[in-house]
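Report on the structure given below.
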Number of protein chains: 2
Amino acid sequence: MLTIGTLAKKTGTKVQTIRYYEQIGLLPEPGRSAGGQRRYGDSELDRLSFVRHARQLGFSLDAIRELLDLSDHPEKSCAEADAIARRQLKQVEQRMARLEALRTELQRMVHECSGGHTADCRVLEVLRDHSECLTDHDEIGA
Amino acid sequence: MLTIGTLAKKTGTKVQTIRYYEQIGLLPEPGRSAGGQRRYGDSELDRLSFVRHARQLGFSLDAIRELLDLSDHPEKSCAEADAIARRQLKQVEQRMARLEALRTELQRMVHECSGGHTADCRVLEVLRDHSECLTDHDEIGA
DNA sequence: TTTACACCCTCTAGCCACTGTAGGTTCAAG
DNA sequence: CTTGAACCTACAGTGGCTAGAGGGTGTAAA
């Protein structure tokens, strides 16, 4: 039986995060010691590892919920899990494309800055005059 | 004189976002009509455009605050603006590298999934068994 | 057995950068 | 003068945690 701290160490998760996952129903309520402290077994360890790994791959907690549910029902079709992963892959690719554009623009700004006063700063100038910009308008958060 | 809605349209910003920027001190309090509605001039338009453009390049609001401050003081050295931009570029590059790894891993998962039941689903299997994973442990949010 | 101390508990608030809603007021056109 | 779109304030909610206050538990040594 593991304490929450041990589980945290084993999975590279913060203690608070584990409690948070429990709170939002991503992890089941574990057993407790006589004094009311959480005690975990191997199944919880596996489940949390699954969650963390999926998080590392950028899946949202909602997507992970679906994946866990699929994982709990071995007779269900694989197609859904596949679809979730494909969706995630697509998102990652979109974000990469977006970042690629940002990188180009930032490189341009930085390379052209010759280090005088801010009055002639290329960085600020580019920010001021959007028409010089190559990136598109939408998807600020992407 | 522009209403907040017109300013919003011209800059591709939501009305609430403009009010939010004002609230956190990123934009100055504008003049008001007799009835108390916000009225904007060209300087506010420029400033908001600057902010939006910087946001599109992924700068944080704090970084933008610094950039605006530098832009307001033309006699200051350009070096600081340059440093902020370089920092941002570095962040973008790090995020790209991270996404690159995610993409590889996700592609592997998806390509290997042959579409049976979840019991043998490659996607879920990879998530379950972290040892098969190529991505590193840290930086979940990157 | 007591005491020290690391660890655990709940509850609440905060982070970023918005976004949405409720309930009311103002403005401009017709 | 009426209509209706656009405006106002104030506050709650998003995702995915993270931090802190104020207290209780578990265990090993003195």
Side-chain angles (χ1 to χ4, degrees), chain A residues 1-27 29-40 44 48 50-68 88 91 95 98 137-142, chain B residues 1-27 29-40 44 48 50-68 88 91 95 98 137-142:
Chain A
M1 284 296 170
L2 309 169
T3 64
I4 196 170
T6 316
L7 184 65
K9 248 172 236 157
K10 282 197 184 230
T11 56
T13 315
K14 300 217 168 182
V15 166
Q16 293 106 305
T17 305
I18 298 177
R19 288 200 280 247
Y20 169 72
Y21 286 164
E22 180 188 328
Q23 192 190 309
I24 61 167
L26 204 61
L27 298 180
E29 291 185 24
R32 300 273 181 152
S33 73
Q37 299 192 352
R38 289 171 182 79
R39 292 294 182 263
Y40 297 93
E44 281 106 332
L48 180 54
F50 185 105
V51 170
R52 293 313 279 178
H53 190 187
R55 283 297 295 138
Q56 277 160 21
L57 289 169
F59 288 95
S60 72
L61 294 184
D62 266 1
I64 293 173
R65 222 186 283 272
E66 291 186 70
L67 290 168
L68 279 171
Q88 177 62 18
Q91 250 185 46
R95 268 193 269 166
R98 170 88 184 132
H137 265 263
D138 36 63
E139 287 192 273
I140 258 187
Chain B
M1 284 297 169
L2 308 169
T3 64
I4 197 170
T6 316
L7 185 66
K9 249 172 235 157
K10 282 197 185 230
T11 56
T13 316
K14 299 218 168 179
V15 166
Q16 292 106 307
T17 305
I18 298 176
R19 288 199 279 248
Y20 168 72
Y21 286 163
E22 179 188 328
Q23 192 190 309
I24 62 168
L26 204 60
L27 298 180
E29 292 186 22
R32 299 274 181 151
S33 72
Q37 299 191 354
R38 289 170 181 81
R39 292 293 180 265
Y40 296 94
E44 281 106 332
L48 180 53
F50 185 105
V51 170
R52 292 314 280 178
H53 191 185
R55 284 296 294 137
Q56 277 160 22
L57 288 170
F59 288 96
S60 72
L61 294 184
D62 266 0
I64 293 172
R65 223 186 282 272
E66 290 185 71
L67 289 167
L68 279 170
Q88 178 62 19
Q91 249 185 46
R95 268 191 268 166
R98 170 89 184 130
H137 265 264
D138 36 64
E139 288 191 90
I140 258 188

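Here is how names work: the chains are called A, B, and so on, in the same order as the sequence lines, proteins then strands, and each is numbered from 1.
In terms of the side-chain contact (heavy atoms from CB on, under 4.5 Å) criterion, residue partners of A/Tyr40 (sequence neighbours excluded) are, by chain and number, A/Leu2, A/Ile4, A/Leu7, A/Ile18, A/Glu22, A/Pro30, A/Arg38, A/Glu44. Remark: A/Lys14 pairs with A/Gln16, A/Thr17 by the side-chain contact (heavy atoms from CB on, under 4.5 Å) rule, at least two apart or across chains. Legend: residues meeting side-chain contact (heavy atoms from CB on, under 4.5 Å) with A/Tyr20, ordered by chain and number and at least two apart, are A/Ile24, A/Leu61. Under the salt bridge (Lys or Arg N to Asp or Glu O under 4.0 Å) criterion, A/Arg39 pairs with no residue at all, not counting sequence neighbours. Partners of A/Thr3 under the side-chain hydrogen bond (donor to acceptor under 3.5 Å, both in side chains) rule, at least two apart in sequence or in another chain, are A/Thr6.
Distance, A/Ile18 CD1 to C/dT10 P: 13 Å, rounded to whole Å. To the nearest angstrom, C1' of C/dC16 lies 10 Å from CG of B/Asp62. Rounded to an integer number of Å, the gap from CD1 of B/Ile24 to P of C/dC16 is 9 Å. The OH-C1' distance, from B/Tyr21 to C/dC16, rounds to 11 Å in whole Å. In this entry the distance linking CD1 of A/Ile4 with C1' of C/dC7 reads 11 Å, nearest Å. B/Ile64 has its CD1 atom 8 Å from the P atom of C/dC18, to the nearest Å. Distance CD (A/Glu29) to C1' (C/dC9): 14 Å, rounded to an integer number of Å. What separates CZ of B/Arg19 from P of D/dC7 is a distance of 8 Å, to the nearest Å.
Both A/Gln23 and A/Tyr40 lie near DNA chain C, and the one whose nearest nucleotide falls closer to the 5' end is A/Tyr40.
For the pair A/Leu57 and A/Gln88, the tightest heavy-atom approach, listed with the atom from each and the gap, is O-NE2, 3.1 Å.
The side chain of A/Tyr20 lies closest to D/dC17 when the candidates are D/dC7, D/dC17, C/dT21. Side-chain proximity of B/Arg55 to the nucleotides D/dA19, D/dC7, C/dA17 is greatest for C/dA17.
Between C/dT19 and B/Thr17, a contact under 4.0 Å exists linking OP1 or OP2 to a side-chain N or O. Look at B/Arg38 and you'll find a side-chain N or O under 4.0 angstrom from OP1 or OP2 of D/dC8. Close to C/dC18, at under 4.0 Å from its OP1 or OP2, lies a side-chain N or O of B/Arg52. Between D/dG26 and A/Arg32, no contact under 4.0 Å exists linking OP1 or OP2 to a side-chain N or O. An OP1 or OP2 oxygen of D/dC7 is reached within less than 4.0 angstrom by a side-chain nitrogen or oxygen of B/Thr3. Applying the 4.0 Å criterion to OP1 and OP2 of C/dG20, one finds that B/Lys14 has a side-chain N or O inside that range.
For the pair B/Tyr21/B/Arg52, a side-chain contact is recorded, criterion being any heavy-atom separation below 4.5 Å from C-beta on.
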Base versus backbone protein contacts along nucleotides 24-30 of chain C [heavy-atom cut-off under 4.0 Å; B, S, -]:
--SS---
